[in-house]
Amino acid sequence: MPKYFITTAIDYANGDPHLGHALEKIGADCIARYRRLRGDDVHFLVGLDEHGQKVAQTAADRGLEPQALVDQVAAAFAAMWDRLEISYDQFIRTTDPAHKAGVKALIERMFARSRDDFYQKTYEGWYCVGCELFKRENEIADGKCLLHPTRELQWSAETNWFFRLSRYQEFLQQLFQERPEFLEPAARRNEILGLLASGLEDISITRSRLAWAIPFPEPTSEGEIQGTWVWFDALPNYLTATGYPDAAFERLWPADLHVIGKDITRLHAVIWPAMLQSAGLALPDRVWAHGFVHVGGERLSKSAGVQVALTEAVDRFGADAFRYFLLREVGFETDGTFTWERFDQRYAADLADGLGNLISRSLAMILKYRAGRVPDAGVTSLDEAGLTAVAQYAAAMDALDLSGGLDAAWGLVAAANQYIQETAPWSLAKAGRDAELDSALAAAARCLYRLAVLIGPALPSKAEALWRLLGEPGSPADALAWQQLAAPPVAGCQVARSEGLFPRQSI
């Protein structure tokens, strides 16, 4: 059973989860569930980034100690991921003792192997607390960070440890030349190639007088123990989660896929590979940088007041419908837009009138005409459509085209509804054409089997409910179910009546 280690960006612990966080976790969860379906031994990592100046400031503003704040935030994130059915295997926190020890071990390894990668220097520049990064001139407009235009940039001047990132310019250019699939989609890769072409600058990796941080293992020349820059602490979470530096870490490492937002591509596709190369450790196989969720044409921003309450969005039609909307409408590659109008339209057309209606009418006819027992009959044109849909779905999901995978599944929904209209089982029953009726009913049941498997990664609870309605043993999430898509074993199964998996709702 092949290993598949998938991670998401660890969320910053200074606020509640929002739509952007949800898109990333739902997308990664969909991928993780699909890989399990295909028989992989999946380890799915999520977590929380709990150090840094921004967390310390937020805690102070609320009259809390930083640890008390991050404990509250961690509980809120974990509760939301449970509600959204995120099937993570591990929730890492950067305040965990094991993580702190792993970061220390990694930096010490880098010093031991590549001592010339580190030096001390006094640095002056504009620092964005929102990004926890010093900003270049092309990242500032009207004196503000492009990503956090409501925050005031802070001028910082202090003597810190620096990482000689410029040393890895040639290594990174060769990486992207030899492994173009390392960073996807292509638009994100082109952005990094442009950054490399302009030349890399060394980066400050410690902060003086920052108490809420992992202590940097090497003191300055003046004997000061500084705080580790939050990203030099956060990026290694993917490695420390494996148990590093314990030798058993190689069971999971290297990661098969890092799922991140496009705003932190440089950190994951430039700084993180350079750190690993400095330490002499293997690089992750692939980094996928998804787009942003926009609301009314504007990027989600808590500070700018552009947001939709995540709990309200999930409450509207339930977790599975919300997952479906984000994956199908917003997608997992470019930026997408959330609107209540489109959410309502997708629910009504795709879920209630599309899949929900297909399930209800198919099961009702099997109950009415065959007492709920699925007939044993040969393949039909609907089976051919089903096999085509499975192939299209697999191709899309392998390419991390999650919206395309759902397009394939709902293409089968449309084909099945059309097939029922054309074969008209009610007319066949009235005319006593039993063989043709058996053929139509069996084809519909096989189609529902296929759909239960295909929608499972995106709509896990509804897929399980459909599976139970079909009277199938086990789960549609089992690898065995995928293996049986060519000839679904539905003949003789006793189906149940659907009370409406996606009931019509008035908003």
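- Classification of D434 and R370 as a salt-bridged pair holds, one side-chain N sitting under 4.0 Å from a carboxylate O.
- Between F325 and F343, the distance from one ring center to the other falls under 6.0 angstrom.
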Donor-acceptor pairs are to be reported for all side-chain atoms of residues 485-495 against protein atoms at under 3.5 Å, with residues two or more places apart or in another chain.
residue: Q494; atom: OE1; partner: R373; partner atom: NH2; Å: 3.4
residue: Q494; atom: NE2; partner: A371; partner atom: O; Å: 3.0

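- Residues passing the salt bridge (Lys or Arg N to Asp or Glu O under 4.0 Å) test with R35 are D40, D398, sequence neighbours excluded.
- In this structure, the side chains of I6 and V259 come closer than 4.5 Å at one or more pairs of heavy atoms.
- The side chain to side chain contact (heavy atoms under 4.5 Å, CB included) test applied to Q90 returns H43, L45, A241, not counting sequence neighbours.
- Using a 4.0 Å cut-off between a side-chain N of Lys or Arg and a carboxylate O of Asp or Glu, D49 and R93 do not qualify as a salt bridge.
- Applying the salt bridge (Lys or Arg N to Asp or Glu O under 4.0 Å) rule to K3 yields the partners D256; only residues at least two apart in sequence or on another chain are considered.
- A salt bridge between R286 and E184 is present, with a side-chain N of the basic residue lying under 4.0 Å from a carboxylate O of the acidic one.
- Below 30°, between 30° and 60°, or above 60°: for Y34 and W482 the angle between ring planes is above 60°, a perpendicular geometry.
- For Y238 and F5, the ring centers sit 6.0 Å or farther from each other.
- Between W272 and H258, the ring planes are tilted. Angles from 30° to 60° get that label.
- Taking the side chain as every heavy atom from C-beta outward, L412 and C447 approach each other to under 4.5 Å.
- Aromatic ring centroids of W288 and F182 lie 6.0 Å or more apart.
- In this structure the side chain of L327 never reaches within 4.5 angstrom of the side chain of S403, judged on heavy atoms.
- Between F44 and R36 the shortest side-chain heavy-atom distance falls below 4.5 Å.
- In this pair, H21 and H18 present their aromatic rings parallel. The plane angle is below 30°, not in the 30 to 60° band.
- A distance below 6.0 Å separates the ring centres of W467 and Y449.
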Original post:
Could you go step by step and tell me if D29 and K25 meet the salt bridge (charged side-chain N to carboxylate O under 4.0 Å, His left out) rule?
Top reply: CA-CA 6 Å; D29 182 64; K25 301 306 177 289; over 6 Å; no
Can you give each donor-acceptor pair under 3.5 Å made by side-chain atoms of residues 470-481, sequence neighbours left out, with the distance rounded to 0.1 Å?
residue: S475; atom: OG; partner: E464; partner atom: OE2; Å: 2.5
residue: S475; atom: OG; partner: A477; partner atom: N; Å: 3.0
residue: D478; atom: OD2; partner: S475; partner atom: N; Å: 3.2

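- Between E50 and D96, every side-chain heavy-atom pair lies at or beyond the 4.5 Å cut-off.
- With sequence neighbours excluded, the residues forming a salt bridge (Lys or Arg N to Asp or Glu O under 4.0 Å) with R346 are E329, D350, listed by chain and number.
- Crowding of R251 atom CZ: a count of heavy atoms from other residues, nucleotides or ligands under 6.0 Å not exceeding 12.
- Within the 4.5 Å cutoff, side-chain heavy atoms of L195 are placed close to those of R266.
- Using a 3.5 Å distance cut-off with no hydrogens or angles, the side chains of T240 and H99 do pair a donor with an acceptor.
- Considering only heavy atoms from C-beta on, Y369 comes within 4.5 Å of W426 through its side chain.
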Original post:
Step by step, would you call S461 with E85 a side chain to side chain donor-acceptor pair (under 3.5 Å)?
Top reply: CA-CA 8 Å; S461 289; E85 306 172 77; 2.3 Å; yes
